[in-house]
Amino acid sequence: MPILKLYGQKQASCTRRAATILHELKVPFELITVDMVGMKTPAYLEHQPFGQIPYIDDNGFELYESRAICRYLVATYGPTSGLIPTEAKAHARFEQAASIELTNFDPYASKAGLQLWTLKPEAKIYNLPLDKTVVETNLAILDQKLEAYDAILGKQRYLGGETLTLADLFHLPYGPLASSGENDIMNKRSNVSRWYNELIARPSWLAYDDADKVKTTLSY
Ligand SMILES: N[C@@H](CCC(=O)N[C@@H](CS)C(=O)NCC(=O)O)C(=O)O
């Protein structure tokens with residue numbers, strides 16, 4: 001069977017979200033790099049109509065939207081992994097946690113995180129300006145949201161209950177980015193910090209920095 005192809009960029013957050021779950025489930029894959037010009041070409045838009053990364057091609061089945069990709073991967077390669085609980089109430093709590101990430105975390109962590117990314121060594125070649133107002137505004141809102149996270153995580157180990165789910169792992173790309181630079185927002189509160197440090201220590205998150213499976217070809 002052909003190896004699953006992940007079209008994206010190694011350091012791009014949404015690509016890394018999908019790659020982390022591929023590693024979590026131990027699914028071999030090939031990363032095919034798509035550059036900023038390539039992702040706007042008509043040929044690429046046939047695969048991802050919004051001109052964004054990532055998308056996957058799993059033996060002819062194509063899918064975009066990183067969280068949908070992760071759900072597909074669990075359903076296909078890890079239905080018993082527990083990353084998406086199947087029992088009705090546990091599943092509902094998982095969906096609740098996934099919505100928390102999408103609505104209370106991502107909008108602020110991603111905006112601040114993308115700005116803070118400009119400070120990273122690998123971003124220097126792009127010479128992008130840092131908009132401190134965007135960072136401060138979004139980190140201030142995120143800080144309030146993390147107060148609620150801390151309350152939740154004071155009562156249970158993970159955001160959806162006592163077991164790890166995809167909803168926790170969805171925080172990985174932007175949690176570390178939002179927590180970089182001069183701030184360490186994810187370590188300000190004890191319950192959030194405990195949870196966050198467990199996530200960033202997972203082999204699936206760390207494995208992606210081993211570039212042995214990364215192939216950088218562009219065919220668009
Ligand atoms: N909701 C999408 C967002 C994808 C997204 O924003 N991708 C970024 C990279 S992390 C991108 O392609 N940016 C370039 C652009 O939007 O032109 C997902 O989760 O896959």
Side-chain angles (χ1 to χ4, degrees), residues 4-25 27 29-58 61-76 83-84 94-95 97-120 122-123 125-131 134-135 138 142 159 165-181 199-200 204-205 208-209 214 216-220:
L4 186 148
K5 292 186 177 60
L6 172 63
Y7 290 81
Q9 290 174 13
K10 186 171 188 284
Q11 296 303 333
S13 304
C14 299
T15 304
R16 196 163 175 186
R17 178 178 287 125
T20 300
I21 303 309
L22 284 160
H23 278 293
E24 192 74 38
L25 300 170
V27 178
F29 69 99
E30 176 184 17
L31 175 65
I32 300 180
T33 298
V34 182
D35 66 21
M36 293 301 285
V37 176
M39 72 178 81
K40 304 300 177 195
T41 60
Y44 185 82
L45 296 179
E46 290 292 318
H47 304 282
Q48 214 291 8
F50 297 94
Q52 293 182 318
I53 51 173
Y55 82 90
I56 58 164
D57 180 341
D58 188 16
F61 175 69
E62 293 189 2
L63 193 68
Y64 52 85
E65 282 297 330
S66 61
R67 294 171 186 80
I69 291 170
C70 295
R71 283 174 161 91
Y72 164 78
L73 293 172
V74 170
T76 307
L83 291 176
I84 303 180
F94 155 72
E95 285 298 350
S99 290
I100 291 171
E101 186 275 330
L102 195 61
T103 58
N104 289 298
F105 187 86
D106 183 79
Y108 315 108
S110 64
K111 287 194 192 73
L114 287 172
Q115 289 298 321
L116 290 166
W117 180 78
T118 63
L119 299 174
K120 299 255 178 204
E122 63 268 25
I125 52 165
Y126 301 107
N127 204 21
L128 297 167
L130 170 71
D131 189 331
V134 171
V135 176
N138 285 285
L142 187 60
L159 205 53
T165 68
L166 269 189
D168 301 294
L169 297 171
F170 284 166
H171 293 76
L172 272 174
Y174 284 120
L177 262 186
S179 216
S180 64
L199 295 180
I200 59 172
S204 60
W205 176 247
Y208 192 48
D209 270 342
V214 175
T216 50
T217 54
L218 178 63
S219 51
Y220 294 103

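Both counts, for ligands and for their atoms, begin at 1 and track the order of listing.
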Report task. Begin from the C-alpha positions of K40 and D35 and carry the test salt bridge (Lys or Arg N to Asp or Glu O under 4.0 Å) through to its verdict. Result -> CA-CA 9 Å; K40 304 300 177 195; D35 66 21; over 6 Å; no
Query raised in the report: Is there a donor-acceptor contact under 3.5 Å linking the side chains of H47 and E62?
Result: yes
Requested in this report: Determine, using heavy atoms of P54 and all atoms of ligand 1, whether some pair is separated by less than 4.0 Å.
Outcome: yes
Requested in this report: Have a look at Q48, R67, Q11, E65 and point out the one with the heavy atom closest to atom 2 (C) of ligand 1.
Outcome: E65
**Report entry** Side-chain ion pair, E95 and R71, N-O less than 4.0 Å
**Finding:** yes
Requested in this report: Give a yes or no on whether the backbone of F61 and the side-chain of D58 come within a donor-acceptor separation of less than 3.5 Å.
Outcome: no
Query raised in the report: Could a heavy atom of M39 be found less than 4.0 Å from some atom of ligand 1?
Result: yes
**Report entry** A12 backbone acceptor or donor facing Q9 side chain under 3.5 Å
**Finding:** no
Query raised in the report: Does the N or O separation between M36 and ligand 1 drop below 3.5 Å for any pair?
Result: no
Query raised in the report: Where the closest heavy atom to atom 20 (O) of ligand 1 is concerned, which of C70, S66, A68, P173 has it?
Result: S66
Requested in this report: Please indicate whether any nitrogen or oxygen in Q52 is less than 3.5 Å from any nitrogen or oxygen in ligand 1.
Outcome: yes
Query raised in the report: So is K40 polar-close to ligand 1, meaning N/O to N/O under 3.5 Å?
Result: yes
Report summary line: Among non-hydrogen protein atoms, atom 8 (C) of ligand 1 lies closest to I53 O, 3.9 Å
Query raised in the report: Which of these passes ring-ring contact (aromatic ring centres under 6.0 Å, His included) with Y55: Y72, Y44, Y64?
Result: Y44
